[in-house]
Amino acid sequence: MPNRTPLYEEHVKLNGTIVDFAGWELPVQYTRLIEEHEATRERAGLFDICHMGEFDVTGNNAFEFLQSALSRDLSPLKPGRCMYSTMLNERGGCVDDLFVYMKEPENFMLVVNAANIKKDFDWLESAAQGRGVSLSDRSADTAKLDLQGPQSAAIMRALCSSELPSRFGFISSDVAGVKTLVSRTGYTGEDGFELYCESGSAVALWRAVIEAGTPLGLLPCGLGARDTLRLEAAYSLYGHELSDDISPVEAGLRFAVSAAKDYTGSGVIKKQLADGAPRQSVAFALVERGVPRDGCEVVSSGSPVGRVTSGTFSPTLKKGIGLALLNSPAASIGGSVSVIIRNRPYAAEIVARPFIAYRGGSK
Amino acid sequence: MNAPDELKYSKDHEWVKAEGGVAAVGITDFAQHQLTDVVFVELPEVGASAEAGKPIAAVESVKAVSDVYAPVSGEVIEVNDALRDAPELINTDPYGEGWIFKLKMSDPSAADALMNAEQYKEHAASESH
């Protein structure tokens with residue numbers, strides 16, 4: 001029996017096309033994927049992300065514990081600020097990528113991928129043994145709605161009287177009568193917010209955002225648009241660009257690892273930072289019309305050099321784009337490669353990432 | 001559901017317009033709606049031989065690729081080159097400008113065995129549940 005988010009009935013009412021995603025029944029689109037994608041780039045989009053996991057980490061040693069468990073140097077964190085990081089296995093492979101929210105100096109929230117909730121919690125519990133911290137899995141009673149796009153701030157101002165946080169900041173506020181954690185973050189390359197509330201309030205918050213946003217052109221958006229938006233922004237998706245067998249250095253996430261502290265996997269990471277990793281994730285664009293897909297082989301000068309980890313047709317750029325994990329010697333920007341789609345080679349160029357630069361301001 | 005009476009239909013959601021031993025083939029309105037925005041069409045080569053029930057072309061939306069099966073056997077004698085630059089014709093006019101290829105049928109009466117519009121509507125309705 002697949003899981004349903006508190007917003008399932010809302011998706012059905014909106015005629016969403018429901019699919020199974022990591023064991024969750026979620027809408028892949030409501031009307032048309034491209035329309036939803038464009039609404040988010042040009043105006044605003046609202047996404048049901050309730051399936052993602054939230055953990056609380058509390059205690060006197062919570063910061064020291066996270067600093068020793070996660071790959072990024074978390075010392076810039078302050079109450080009301082959050083950071084992206086990864087958690088690694090001993091081989092430097094990625095157990096998950098996550099966001100770390102510092103609510104108070106001894107009270108943190110971790111936001112993890114839906115498919116990894118159990119794996120991550122077990123990993124953290126084992127790492128936390130004897131460390132004097134307490135962990136709790138809040139996933140089931142926490143809802144998450146993503147409001148993204150250039151009109152997001154105007155919509156939030158209509159619903160929330162508090163001063164809005166700056167990028168990677170968050171506040172606790174009343175939003176249309178719902179107690180909400182309002183985070184200035186997202187997964188689309190646009191300005192926007194990730195809104196966390198209790199599951200029981202999810203429907204009220206969802207309806208309030210739709211009501212305030214519709215006059216400004218907001219559309220509810222499915223997982224299809226979420227994927228094309230994040231891929232244009234060249235954000236990694238766990239299970240594609242990142243996995244237990246791919247390190248964050250290989251995935252192009254050097255900013256999310258530290259060479260100056262010790263953590264699980266840091267030996268491998270420090271070596272990769274110093275000597276280079278054997279493989280490198282690159283962005284590529286097809287130079288002829290076509291659609292690359294996850295798993296397609298990439299060939300350079302007649303030899304296989306890697307595989308596509310995510311591919312799509314970019315609604316913004318109107319061409320086939322993707323991310324591929326290549327043997328490092330083949331991974332230079334400007335390089336020409338071929339992507340094999342249904343046994344036919346398609347010419348592609350390795351390009352700088354992202355495809356679409358972040359378009360929100362820093363404020 | 002839009003399925004013109006003068007056409008014949010396959011269970012894989014292709015339509016066939018048979019005239020003088022030649023079959024024009026496209027995908028149905030139901031199929032284009034399920035696929036949503038078509039962004040790329042992989043056309044067969046002119047001269048390729050098509051075997052009934054086997055994939056002969058591919059239609060890609062942003063999210064997924066879908067094979068187009070030959071509804072009847074024959075030889076590809078023409079492809080719709082307009083789809084190379086305007087694949088969205090499959091969405092906007094699936095039974096007209098969105099045709100995909102034409103086959104010279106090995107058996108000129110083969111299309112008679114396909115579904116009529118009434119039967120196809122029932123078939124498609126059972127798949128959309």
Side-chain angles (χ1 to χ4, degrees), chain A residues 12 15-21 26-41 221-232 285-296 308 310-322 339-346, chain B residues 1-2 12-13 27 29-51 54-70 76 79-94 98 100-101 124-125 127-129:
Chain A
V12 172
N15 281 322
T17 306
I18 308 290
V19 297
D20 177 280
F21 177 81
L26 284 163
V28 64
Q29 64 175 12
Y30 298 92
T31 51
R32 287 174 47 215
L33 191 162
I34 290 180
E35 208 169 79
E36 295 166 18
H37 180 107
E38 288 171 351
T40 305
R41 285 265 175 264
C221 297
L223 294 173
R226 182 169 167 86
D227 194 49
T228 52
L229 289 158
R230 72 91 193 168
L231 196 44
E232 288 184 346
L286 294 194
V287 299
E288 55 186 310
R289 195 152 178 142
V291 189
R293 303 285 183 192
D294 177 18
C296 287
V308 173
S310 291
T312 193
F313 184 85
S314 160
T316 306
L317 303 173
K318 313 272 186 242
K319 60 182 172 185
I321 61 165
V339 178
I340 311 298
I341 306 171
R342 290 186 299 279
N343 300 318
R344 203 203 111 184
Y346 285 69
Chain B
M1 192 179 304
N2 177 16
D12 302 310
H13 308 285
I27 66 168
D29 187 45
F30 173 80
Q32 71 77 18
H33 188 77
Q34 296 286 104
L35 265 172
T36 75
D37 302 287
V38 174
V39 294
F40 181 66
V41 183
E42 191 179 81
L43 296 165
E45 304 271 338
V46 171
S49 74
E51 192 183 332
K54 294 280 166 67
I56 180 83
V59 178
E60 301 234 23
S61 69
V62 176
K63 199 67 196 145
V65 58
S66 179
D67 282 322
V68 179
Y69 299 88
V76 177
V79 298
N80 185 358
D81 283 314
L83 295 177
R84 294 186 204 277
D85 289 322
E88 63 277 8
L89 290 172
I90 288 189
N91 299 113
T92 55
D93 191 9
I100 300 173
F101 56 87
E127 289 206 350
S128 63
H129 54 82

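Computed from heavy atoms alone, side chains included, the values below leave out hydrogens, waters and symmetry copies.
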Under 4.5 Å from any heavy atom of chain A, what part of B:Ala58 do you find: side chain, backbone, both or neither?
side chain
Counting heavy-atom pairs under 4.5 angstrom with chain B, the leader among A:Gln29, A:Arg293, A:Glu35 is A:Arg293
Report yes if some heavy atom in the side chain of B:Val65 is under 4.5 Å from a heavy atom in the side chain of A:Val291; otherwise report no.
no
Is there a salt bridge (charged side-chain N to carboxylate O under 4.0 Å, His left out) between B:Glu42 and A:Arg344 once you walk through the steps?
CA-CA 11 Å; B:Glu42 191 179 81; A:Arg344 203 203 111 184; 5.4 Å; no
Within 6.0 Å of CD in B:Glu45, more than 12 heavy atoms from elsewhere:
no
Nearest heavy-atom approach of A:Arg289 to B:Phe40 is O-CE1, 3.1 Å
Pairs satisfying salt bridge (Lys or Arg N to Asp or Glu O under 4.0 Å), at least one member in residues 29-40 of chain B, at least two apart:
A:Arg32-B:Asp37
Under 4.5 Å, counting heavy-atom pairs only, tell me which of A:Thr228, A:Leu33, A:Asp227, A:Ile34 racks up the most with chain B.
A:Ile34
Take atom CG in B:Asp85; do more than 12 heavy atoms of anything else shown fall under 6.0 Å from it?
no
Please flag which part of B:Val41 lies under 4.5 Å from any non-hydrogen atom of chain A: side chain, backbone, both or neither.
neither
In terms of heavy-atom contacts, B:Glu60 and A:Ile341 come closest through OE2-CG2, 4.4 Å
A side-chain contact here means heavy atoms from C-beta on lying under 4.5 Å apart; do A:Thr17 and B:Thr36 qualify?
no
